[in-house]
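One structure is given here, and the rest of the page talks about it.
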Amino acid sequence: MKIDVFTLFPEWFDWFGTQRHARNVFERGTELRFFNYRDTTPLGGGQVDDAPYGGGAGMVLRVDVVDAALRAAYEDGREPSRTILLAPSGRQLDEALATELSVEPHVALLCGRYEGVDERIRDQLVSDAVSVGPYVLSGGELAAMVVVDAVMRKLPGALGHAESAVEESFSEALGGAPEYPHYTRPASYRGWQVPEVLVSGDHARVREWRLEQSRKRATAAPER
Ligand code: SAH
């Protein structure tokens, strides 16, 4: 899979590629590339934004600047299968969308900044818009990292154990419910006991208990 991130701050991503699951998928051929709008802007002095028509606060990322960045990146004709704008008003990221993206051969993620981006970018240059939640970040960079992280976990070899990704929160294996709780040693700590069933050695009961816990979490509002 190829993932291209368009941003004004590629250095924000420096640490990102050093995580274990990122390195695992890079070793297996996944490519993560960065493109800085400022490197290809057709405007003088590295300009990328402008004041909004109609007035108002803040600056807006220009459509010609983003178009130039995309054209430069894909002048070889190898266009992405999905070109996604990060936007608070986009389709909210969930496990289903992460899975959907993980089977795309080539995804481009466009980070906005400032007050936002010229609407013609959304209308003309991208295939969809994705939000990481109903709140406003100061730029698309953290949102892009969230998307890339959620997608990369799903790629073969990302996690140490292939099974870890199968039965996870919101996965099909759990009927879309959150994952069941995990416990590890010690079995008793300050009087806090691990549920008896987990140390019973009865696999069928463990399985039943886990599915029940997962279902409970799906229906109950989180207490903490
Ligand atoms: N004025 C805009 C917010 C701009 S925030 C509004 O009110 O909707 C600047 C940039 O950060 C956006 O262009 C987008 O790329 C990114 N961004 C902010 N919050 C986001 C979110 N929840 N999901 C995805 N991207 C977000």
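Order of listing sets the numbers, starting from 1, for every ligand and every atom in it.
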Regarding [X] and [Y], does a basic nitrogen lie under 4.0 Å from an acidic carboxylate oxygen?
X: E212; Y: R205; value: no
X: D118; Y: R62; value: no
X: R113; Y: E141; value: yes
X: D67; Y: R71; value: yes
X: E100; Y: R91; value: yes

Closest non-hydrogen protein atom to [atom], residue and atom name please, with distance?
atom: atom 19 (N) of ligand 1; value: L137 N, 2.9 Å
atom: atom 23 (N) of ligand 1; value: V132 N, 3.1 Å
atom: atom 6 (C) of ligand 1; value: P88 CG, 4.4 Å
atom: atom 22 (N) of ligand 1; value: Y135 O, 2.8 Å

If the cut-off is 4.0 Å to any non-hydrogen atom of [X], which atoms of ligand 1 fall inside it?
X: V130; result: 24 (C)
X: Y114; result: 4 (C), 5 (S), 9 (C)
X: E115; result: 1 (N), 2 (C), 3 (C), 4 (C)
X: G140; result: 11 (O), 15 (O), 16 (C)
X: V136; result: 3 (C), 5 (S), 19 (N)
X: A143; result: 24 (C), 25 (N)

Return a yes/no value for [X]: is any of its N or O atoms, backbone included, closer than 3.5 angstrom to an N or O of ligand 1?
X: G116; answer: no
X: S138; answer: no
X: V117; answer: no

Next item on the list: For the residue pair F34 and F13, categorise the inter-ring angle as parallel (less than 30°), tilted (30 to 60°) or perpendicular (more than 60°).
Entry: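 Tilted: the ring planes of F34 and F13 meet at 30° to 60°.
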Notebook entry, point to check: Side-chain contact, heavy-atom cut-off 4.5 Å: V63 with Q124?
Noted result: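 They are not in contact (no side-chain heavy atoms under 4.5 Å apart), so the answer is no.
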Notebook entry, point to check: How far does CG of D202 sit from CZ of R207, to the nearest 0.5 angstrom?
Noted result: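 Reported to 0.5 Å precision, the distance equals 13.0 Å.
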Next item on the list: Please say whether more than 12 non-hydrogen atoms of neighbouring residues, nucleotides or ligands are located less than 6.0 Å from CD in E172.
Entry: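 Open: at most 12 neighbouring heavy atoms sit under 6.0 Å from CD of E172.
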Item checked: Cation over ring face, R215 and W209, 6.0 Å, 45° -> no
Note to self: My question is simple, although I want it checked carefully: is atom 13 (O) of ligand 1 less than 4.0 angstrom from any protein heavy atom?
What the structure shows: yes
Margin query: Checking contacts here: is it the side chain or the backbone of P134 that comes within 4.0 Å of ligand 1, counting heavy atoms only? Could be both or neither.
Written below: neither
Notebook entry, point to check: Given G56, S89, G139, which has its nearest heavy atom closest to atom 11 (O) of ligand 1?
Noted result: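 Nearest heavy atom to atom 11 (O) of ligand 1 lies in G139.
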